[in-house]
Amino acid sequence: MSYNPKEIEAKWQQQWEAEQAFEPSDSLTQKKKYILSMFPFPSGRLHMGHVRNYAIGDALARYYRKQDYNVLHPIGWDAFGMPAENAAIKHGKHPKEWTYSNIDYMRKELGTLGLSFSKTREFATCDPLYTKHEQKFIIEMFEKGLLYRESTTVNWCESCHTVLANEQVEEGCCWRCDNPVELKEMPGYYLDIIRYADELLEDLAQLEGKWPSQVITMQRNWIGKSQGLAFDFELTEESKAKLGGKFDRYEVFTTRPDTIYGVTYSALAPEHPITKYLVEHNLLDSEVAEKIKAIANMSEVERAKQDKEGYPLDISVIHPLTGEEIPVWTANFVLASYGGGAVMAVPAHDERDFEFATKYNLPIKRVIEGGEELPYTGEGLLVDSARFSGMKNSEAKLKIIEHFESEGLGKGTTNYKLRNWGVSRQRYWGAPIPFVHCQDCGLVPEKFENLPVALPDDVEITGEGNPLENHPTWKQCSCPKCGKDAVRETDTLDTFVQSSWYQFRYATNPKKWEEVGIDKADTDYWLGVDQYIGGIEHAILHLLYARFFTKVLRDLGYHDIDEPFQRLLTQGMVLKDGAKMSKSKGNTVDPDALVDKYGADTARLFILFAAPPQKELEWNDSAVDGAFRFIKKLYDRSSKVTGKTLPDIDQSSLSKESKLARVKVYEALQKSADVYEHTFAFNTLIAACMEALNALDKQDNSDVWTEGMYIMLNLLEPIIPHVATELSEKLFGRENFKGKIEVKDEVFVQESILYVVMIGGKKRTEIEVSPDANNDEILAAAKEAGAKWLEGMQVVKEIVVPNKLVNLAVKPK
RNA sequence: GCGGAUGUGGUGGAAUUGGUAGACACGCCAGACUUAGGAUCUGGUGCCUAACGGUGUGGAGGUUCGAGUCCUCUCAUCCGCACCA
């Protein structure tokens, strides 16, 4: 009888399906675990990254199920998005058809891996029912003022024909297609994530030690909180006149109010309204105006690569404390999107301001002592700063803010690098934004009873323009408020909106799915997700948005959860030949082919054995063979088992080899809880089982074999469930899968203990000592055994590490 | 530039947190056994050395009886952010 993975795996997959073995209980009082692997985009086929992701999650889910937890381990489909439209353009297949047929195929693939997902909680985010509830949340956010529509400069990807959120721009290029992003002025919908910036930042502290520190740091930097002073520069009368009386003043933000007396110029972004006004009204030299326009057309990334460049605007402002006139420039390094697009410049104490001032011969005025050379950005005492002179700059920061506030000149302010989340996309395959434009009423949300605002099926997808915009009738509607003819919004929601609340949808009992999006009792029971598993690439985008949504939905009354994901494991990439597997590089390994050749258990075992989950995994075909060999050996040795239950073994009657085998078996058992609950170092648990099997093989006591198999199959079931269940069923009627197996300490009691003898810090020899020998006896034995190395030496210190070693520190006599 | 990691045999990786470095596996070498299989089994395998022995966790110092592990400096690689005033 040889190991036949195909037969075994098909048998158990069918049985699990028939038993509905992996459905969580509806009882909300049992101890629970919510194990979640990030859901896949239905691209067509699984890749090894998916297999790794789900093998990790499944191991945890199966482990906790065996420990009598109520386990929620769901799967679904992140189903909206560009690739479905691209496929439509390329192959003429409707995005809906493409998506759902991909889902059907991938569901089968997941099935062959024997993953213990709930079947009843599966959904696709493009299901109209999911859209319906999401649109309701969106409307509620609008009503709370959290969602707003505004026309502003946006990131535009010409190749995807859509707007991108800040988070979706990577080095100035589109995160999806890598095309350079352009800046464009257009209306869009925004979620006020900045309102939650402080909470998002502060709650990161709760995740310390539970999320990878790298992810926490990335989020902290992305939010980019900084505190300082915001104040207005008033324009001189002459400048006001030049600007046609349209502007009196503008606001600037600084984190260095302590350097305020060193201001020698002010700089505006090329997009700043004042700069724009000057350019548009031909108030500047035409050559200069052209140059400014050229900068304004450049993306931020392009600008960052350029040298500092700027032009005087021939206007001035008044220093709020000294009354001095300060020239105003426009400069390419001033960002329009941060701090109002205007800065005060202190070249003596800021590197950028210094570089710019040097280039254009602007004055430089030192106001902080310290350092020989300028710019000096360190700490020091203030000079030439009126009544603040002599103060420490850290103290002056606060005092100067206080002064501004008491004089009504400005106030202490917090700024964030985080921008509000632009959620509208000019694409078809997404959730429609449920609003209507009415001539009389303006922007009006659709009535709840009319939700979902569903996508029309009869569209032509050409890649040119927005198919909803081009549809002959879809956007014609009546105003939900006044009933007059109105026009439907044709933008759809960013797909990251769907993945921001799916963790709550899974938790909601499917029996309630029709009526509610999120059920409070269910959510409060199941959330937070006890273990979330996914790729590091979502460190900011998805994980920040999902945290934000969690807080918003909490404040809308849907649940009481502050953080959605209690613990996060970021898995490493799967590599082959040192590079990420990708079709274009031709270095992929197809999961289907692997399962077909070796079976799912081998695929899972290899993936968990080859590297710890957090690290990159280098594919190795012959190591896959090794994993297969181990399973075969395990299967073969099952014939050594004679008992049906965990035997009572008289330790004293055993051979040395049998005792060692028991030690190895129980060491693996001891290790397992730590691995499954804390470290996730499955590779070391598998290695421990291999050691145990090797040790069992060196002895022939059938009780020891029975005990070893009983325990090992329990430990390995989460990793190689099919073969482990098959053997357990045959040998033990699956009794060994019920509850926790206790560690027997007597197994570890040894008749003699091996001590390593180190002399002068070097390992020299070994001694065997009785367990009840005292230190003097151990030392005497060590000296005797090490006499050769002690000749002519004097022992200056004697160290005995219990059960480990003896170290004799020596020096020449 | 700022921030975060990571450096251990030919390879993937272990090392109970300061106590025998290289577990386990791949690969390689030698042998056995074959009704030639996805074989299987046995032994060996960090480096230098005929051996005694020496040496060895990116490098240089330090603390310690003892350092892959702690401290200081340094080098390399990877990742993230990148003019945020």
Side-chain angles (χ1 to χ4, degrees), chain A residues 2-3 170-172 212-218 220-222 224-226 228 252-256 259 266-267 300-301 303-306 308 331-335 337-346 349-353 355-356 415-419 536-537 539-540 597-598 602 606 609-612 614-630 632-633 636 667 670-671 674 681 683-694 697 754-766 795-810:
Chain A
S2 69
Y3 172 52
E170 292 170 353
E171 302 200 352
S213 60
Q214 192 194 172
V215 175
I216 293 177
T217 310
M218 281 166 74
R220 198 168 275 143
N221 293 343
W222 189 263
K225 180 177 181 171
S226 54
V252 296
F253 173 74
T254 179
T255 54
R256 295 295 307 273
T259 63
S266 169
E300 283 189 5
V301 179
R303 283 184 225 180
K305 288 180 194 148
Q306 311 266 312
K308 300 260 179 301
N332 64 345
F333 68 89
V334 180
L335 301 173
S337 56
Y338 186 82
V343 298
M344 66 176 215
V346 185
H349 305 292
D350 180 281
E351 279 167 31
R352 295 154 304 181
D353 297 348
E355 193 186 331
F356 192 80
N415 247 317
Y416 302 92
K417 288 190 202 175
L418 183 70
R419 303 289 86 212
I536 184 81
E537 65 272 20
I540 294 175
K597 187 171 174 195
Y598 295 98
T602 296
F606 168 73
F609 181 57
Q614 298 87 341
K615 285 191 77 164
E616 291 178 337
L617 185 155
E618 176 69 36
W619 198 263
N620 179 336
D621 284 325
S622 45
V624 175
D625 266 323
F628 186 66
R629 227 173 283 151
F630 172 73
K632 268 195 303 190
K633 186 169 169 184
D636 176 70
E667 273 175 358
Q670 235 173 3
K671 195 176 193 64
D674 195 40
N683 53 329
T684 64
L685 177 62
I686 295 165
C689 288
M690 288 173 169
E691 281 187 70
L693 188 59
N694 291 344
D697 224 14
L754 190 73
Y755 275 79
V756 166
V757 178
M758 296 176 79
I759 293 168
K762 290 194 174 93
K763 181 190 167 188
R764 290 304 185 187
T765 183
E766 293 171 348
V795 176
V796 293
K797 194 158 187 179
E798 298 165 338
I799 313 279
V800 178
V801 181
N803 303 322
K804 286 269 176 201
L805 57 80
V806 174
N807 191 1
L808 303 173
V810 292

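This one's a predicted model, so the numbers in the text were calculated from it and none came from an experiment.
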- Message: When both hydrogen-bonding distances must be under 3.5 Å and the geometry is Watson-Crick or G-U wobble, what is B:A23 paired with, if anything?
- Response: none
- Task: Take atom CG of A:D621 and atom P of B:G27, then tell me their distance rounded to the nearest Å.
- Result: 11 Å
- In whole angstrom, give me the gap between the C1' atoms of B:C71 and B:G9. 28 Å
- Which of these nucleotides, B:C79, B:G66, B:U20, is closest to any side-chain atom of A:L805? B:U20
- Message: Tell me the interatomic distance from A:W619, atom CH2, to B:G12, atom P, rounded to whole angstroms.
- Response: 16 Å
- Message: By nearest atom, which of the nucleotides B:G19, B:G38, B:C65 is closest to the A:V801 side chain?
- Response: B:G19
- Query: Are A:N694 and B:A25 close enough that a side-chain N or O sits under 4.0 Å from OP1 or OP2?
  - Reply: yes
- Could you check if the base of B:G9 is syn or anti? Syn means the glycosidic torsion is within 90 degrees of 0. syn
- Task: Give A:K615 one of three labels, base, sugar-phosphate or nothing, depending on what nucleic acid heavy atoms sit under 4.0 Å from its own.
- Result: sugar-phosphate
- Message: At 4.0 Å (heavy atoms only), tell me whether A:E537 reaches a base, stays on the sugar-phosphate, or touches nothing.
- Response: nothing
- Determine whether A:Q306 and A:N332 make a side-chain contact, defined as any pair of heavy atoms from C-beta on separated by less than 4.5 Å. yes
- Quickly work out the A:L418 CG to B:C81 P distance and round it to whole Å. 14 Å
- Item | Integer angstrom distance from the C1' of B:C33 to that of B:G27 | 23 Å
- Message: When you compare the side chains of A:T602 and A:Y3, does any donor N or O come within less than 3.5 Å of an acceptor on the partner?
- Response: no
- With the side chain counted from C-beta on, respond yes when A:L808 and A:R764 share a heavy-atom pair under 4.5 Å apart, and no when they do not. no
- Minimum-distance nucleotide (side-chain atoms of A:R352 versus B:C83, B:A25, B:U20): B:C83
- Write down the distance separating the P atoms in B:C26 and B:C70, rounded off to the nearest Å. 32 Å
- Rounded distance (Å) that lies between atom C1' of B:G18 and atom CD1 of A:I799: 12 Å
- Report yes if the side chains of A:F356 and A:D350 come closer than 4.5 Å at any heavy-atom pair, otherwise no. no
- Heavy atoms under 4.0 Å, any strand shown: does A:K762 hit a base, just sugar-phosphate, or nothing? sugar-phosphate
- Item | Watson-Crick or G-U counterpart of B:C52, or none if no pair lies under 3.5 Å | none
- Query: From the list B:C65, B:U20, B:A5, which nucleotide is the closest neighbour of the side chain of A:S213?
  - Reply: B:A5
- Item | Separation of atom OH in A:Y3 from atom C1' in B:A39, rounded to whole Å | 17 Å
- Message: Considering every strand and a 4.0 Å limit on heavy-atom distances, what is the contact class for A:A304: base, sugar-phosphate, or nothing?
- Response: base
- Message: So A:P612, base contact, sugar-phosphate only, or nothing? Heavy-atom distance under 4.0 Å.
- Response: sugar-phosphate
- Note on the structure: Rounded to whole Å, CG of A:D697 lies from C1' of B:U40 at a distance of 12 Å
- Hey, does the side chain of A:R629 come within less than 4.0 Å of B:C26's phosphate (OP1/OP2), counting only N and O? yes
- With heavy atoms under 4.0 Å as the rule, sort A:V796 into base, sugar-phosphate or nothing. nothing
- Message: Between the base of B:C81 and the side chain of A:K417, is one N or O donor paired with an acceptor at under 3.5 angstrom?
- Response: no
- Task: Find the partner of B:U42: check Watson-Crick (N1-N3 plus N6-O4 or O6-N4) and G-U wobble (N1-O2, O6-N3) distances, both under 3.5 Å, and reply none if neither fits.
- Result: B:A30
- Item | Assigned glycosidic conformation for B:U17 [threshold 90° from 0] | syn
- Task: Select base, sugar-phosphate, or nothing to describe what A:Y598 touches, counting heavy atoms under 4.0 Å on all strands.
- Result: base
- Query: Would you say a side-chain N or O of A:K763 is under 4.0 Å from OP1 or OP2 of B:U20?
  - Reply: no
- Task: Would you indicate which nucleotide in B:A14, B:G38, B:C65 comes nearest to any side-chain atom of A:K597?
- Result: B:G38
- Query: Is NZ or CZ of A:K308 both nearer than 6.0 Å to the six-membered ring centre of A:F333 and within 45° of the ring axis?
  - Reply: yes
- Item | Side chain of A:A623 (C-beta onward), nearest among B:C26, B:C84, B:A15 | B:C26
- A:Y755 (side chain) donor-acceptor with A:N803 (main chain) under 3.5 angstrom: yes
- P-based separation of B:U69 from B:G61 [nearest Å]: 14 Å
- Item | P spacing across the pair B:G31 / B:G22, given as an integer number of angstrom | 28 Å
- Classify the nucleic acid contact of A:G339 as base, sugar-phosphate or nothing, counting any heavy atom under 4.0 Å across all strands shown. nothing
- For A:D625 and for A:T255, find the nucleotide of RNA chain B with the closest heavy atom, then tell me which residue's nucleotide is more 5'. A:D625
- Message: Between B:A85 and B:G18, how far apart are the two P atoms, rounded to whole Å?
- Response: 40 Å
- Message: Suppose you measure atom C1' in B:G56 against the same atom in B:C48; what distance do you get, rounded to whole Å?
- Response: 11 Å
- Message: Any non-hydrogen side-chain atom of A:M344 less than 4.5 Å from a side-chain atom of A:T259?
- Response: yes
- Under 6.0 Å from the CD atom of A:E351, do we count more than 12 heavy atoms belonging to anything else shown? no
- Return the nearest nucleotide to the side chain of A:M690; candidates are B:C79, B:A25, B:C65. B:A25
- Query: According to the Watson-Crick and G-U wobble definitions, with both distances under 3.5 Å, which nucleotide is paired to B:U35?
  - Reply: none
- Query: Among the nucleotides B:G12, B:G38, B:C65, which one has an atom lying closest to any side-chain atom of A:F609?
  - Reply: B:G12
- Message: Work out how far the C1' atom of B:C24 is from that of B:U35, and round it to whole angstrom.
- Response: 34 Å
- Query: Between B:U20, B:C81, B:G19, which nucleotide gets closest to the side-chain atoms of A:W222?
  - Reply: B:C81
- Task: Measure the shortest side-chain to side-chain distance between A:R419 and A:S337 over non-hydrogen atoms and say whether it is less than 4.5 angstrom.
- Result: yes
- Query: Within this structure, what is the CG-to-P distance between A:N803 and B:U20, rounded to whole angstrom?
  - Reply: 13 Å
- Item | Side-chain N or O of A:S226 closer than 4.0 Å to phosphate OP1/OP2 of B:A85 | yes
- Item | Identity of whatever pairs with B:G1 - Watson-Crick or G-U, under 3.5 angstrom | B:C81
- Note on the structure: The residue, A:N221 or A:V343, whose nearest nucleotide of RNA chain B is more 5′ is A:N221
- Query: Is there a side-chain polar atom (N or O) of A:Y338 under 4.0 Å from OP1 or OP2 of B:A85?
  - Reply: yes
- Task: Classify the nucleic acid contact of A:E616 as base, sugar-phosphate or nothing, counting any heavy atom under 4.0 Å across all strands shown.
- Result: sugar-phosphate
- Task: Considering just the side-chain nitrogens and oxygens of A:R764, establish if one lies under 4.0 Å of OP1 or OP2 belonging to B:G54.
- Result: yes
- Task: With the side chain of A:K632 defined as its heavy atoms from C-beta on, choose the nearest nucleotide among B:U40, B:A23, B:A85.
- Result: B:U40
- Does a side-chain heavy-atom distance below 4.5 Å link A:I536 with A:Q214? yes
- Task: Using both distances under 3.5 Å as the test, list the Watson-Crick or G-U wobble partner of B:U64, or none.
- Result: none
- Message: Would you say A:N683 places a side-chain N or O within less than 4.0 Å of OP1 or OP2 belonging to B:A14?
- Response: yes
- Item | Nearest-angstrom distance from the residue atom NZ of A:K797 to C1' of B:G66 | 10 Å
